[in-house]
Amino acid sequence: MNDPVAALIARLLAERWLPREDELARQALTDAGFREELDRRLAAVGLRLLDHPYASHVAVAVAKAQEAAVFAGPRAWSASNLDLDRDSIALLVVLWSLLILPKRQRQIRRVESDRDQEQGQIFAEMKPVPVGADVAEPLAERTLLADFGDRLGGKMRININLGVLARHGFIVRRKERIYEGPLLDLAFDYERTARRVLDGALAFVVEQARREAVADDGDTDTEAGHV
């Protein structure tokens with residue numbers, strides 16, 4: 001019996017994430033009836049779909065109503081079901097702030113620019129939100145160590161935790177650079193976490209990363225103008 005909703009759930013549980021371009025994932029994001037049935041079945045087993053229009057992947061997570069049953073232990077509330085320690089969680093928040101927040105700014109700027117250009121076109125088509133490598137800049141590991149090494153346990157501890165986060169799909173490490181992994185953009189509630197970060201201790205670092213991103217975009221535009 002062909003059951004695409006069941007197939008999507010099984011794949012999400014087995015593979016842990018799927019790109020939003022996947023046929024069934026795309027159907028879940030564009031077909032209201034399919035999404036309603038998917039949400040119903042996930043809710044029946046205490047799960048929910050994780051997706052964000054600016055994220056490149058979708059995944060599943062524990063439903064809000066079941067979080068206490070899963071994460072509330074006899075001694076403390078667990079941050080996740082991945083056995084991440086406090087150092088790993090702190091590093092994850094830092095990486096989310098340095099990789100996702102600047103990326104989101106680039107995405108929003110790109111969407112607004114496309115919208116402005118399309119307003120003068122009668123038959124303009126809505127372009128998809130950019131989610132690829134052209135808006136997701138990597139972070140140099142040496143920069144992370146220089147800025148946060150003394151706060152996150154030093155080089156050896158950070159290196160170990162980077163390996164842990166990479167194994168769980170939050171980041172990808174290549175040639176001493178840290179790239180966004182499939183789960184990083186889904187790891188936190190963006191609207192709530194972004195405000196806490198921007199109003200908190202990481203505000204200065206994030207603002208610096210934003211200025212560098214704007215400068216990089218300006219350099220790219222200048223170079224393009226001379227081609």
Side-chain angles (χ1 to χ4, degrees), residues 17-22 25-26 29-30 50-59 90-121 124-148 162 165-166 168-227:
W17 60 77
L18 290 171
R20 62 189 304 117
E21 293 83 7
D22 177 87
R26 187 169 62 251
L29 299 173
T30 58
L50 284 180
D51 76 282
H52 192 285
Y54 288 92
S56 58
H57 292 75
V58 298
L91 178 58
L92 180 60
V93 173
V94 168
L95 292 174
W96 185 89
S97 302
L98 296 178
L99 292 171
I100 299 303
L101 290 183
K103 182 192 79 166
R104 188 70 80 249
Q105 184 184 42
R106 298 185 193 100
Q107 290 173 309
I108 293 172
R109 192 163 59 245
R110 184 79 61 83
V111 169
E112 290 175 346
S113 175
D114 290 342
R115 186 184 298 121
D116 291 341
Q117 292 177 6
E118 291 166 357
Q119 285 179 349
Q121 301 177 20
E125 295 182 0
M126 287 294 294
K127 297 180 181 179
V129 174
V131 296
D134 57 334
V135 291
E137 295 290 335
L139 172 68
E141 292 189 10
R142 65 176 181 274
T143 300
L144 177 68
L145 290 170
D147 291 340
F148 295 96
L162 285 175
L165 297 180
H168 285 306
F170 293 112
I171 61 171
V172 175
R173 301 174 73 187
R174 288 197 303 267
K175 297 180 179 179
E176 299 184 348
R177 289 182 174 271
I178 303 168
Y179 295 81
E180 171 193 350
L183 291 183
L184 187 61
D185 206 348
L186 302 172
F188 301 99
D189 181 322
Y190 176 82
E191 282 70 22
R192 181 173 59 181
T193 308
R195 182 48 50 199
R196 290 181 178 179
V197 168
L198 294 173
D199 290 341
L202 286 172
F204 173 77
V205 178
V206 172
E207 183 58 31
Q208 186 177 29
R210 282 181 163 184
R211 288 197 298 268
E212 292 173 354
V214 172
D216 290 343
D217 287 346
D219 291 343
T220 300
D221 293 341
T222 302
E223 292 171 1
H226 289 294
V227 173

Work out which heavy atom in [X] is nearest to a heavy atom in [Y]; give both atom names and the distance.
X	Y	value
Leu186	His57	CD1-O, 3.5 Å
Gly169	Trp17	CA-CH2, 3.8 Å
Pro19	Ala25	O-CB, 3.6 Å

I need the [X] [atom1] to [Y] [atom2] distance, nearest 0.5 Å.
X	Y	atom1	atom2	value
Glu21	Arg26	CD	CZ	8.0 Å
Glu137	Ile178	CD	CD1	14.0 Å
Ile171	Leu184	CD1	CG	8.5 Å
His52	Gln107	NE2	CD	8.5 Å
Leu98	Leu144	CG	CG	7.0 Å
His168	Leu183	NE2	CG	10.0 Å

Applying side-chain contact (heavy atoms from CB on, under 4.5 Å), name anything that partners Leu29, two or more places apart in sequence or on another chain. Arg20, Arg35, Asp51, Val58
Using side-chain heavy atoms (C-beta onward) and a distance below 4.5 Å, is [X] in contact with [Y]?
X	Y	result
Tyr179	Leu99	no
Phe148	Leu91	no
Ile100	Glu180	yes

Are Phe188 and Leu92 close enough, and set up right, to give a side-chain contact (heavy atoms from CB on, under 4.5 Å), and what steps lead you there? CA-CA 10 Å; Phe188 301 99; Leu92 180 60; 3.9 Å; yes
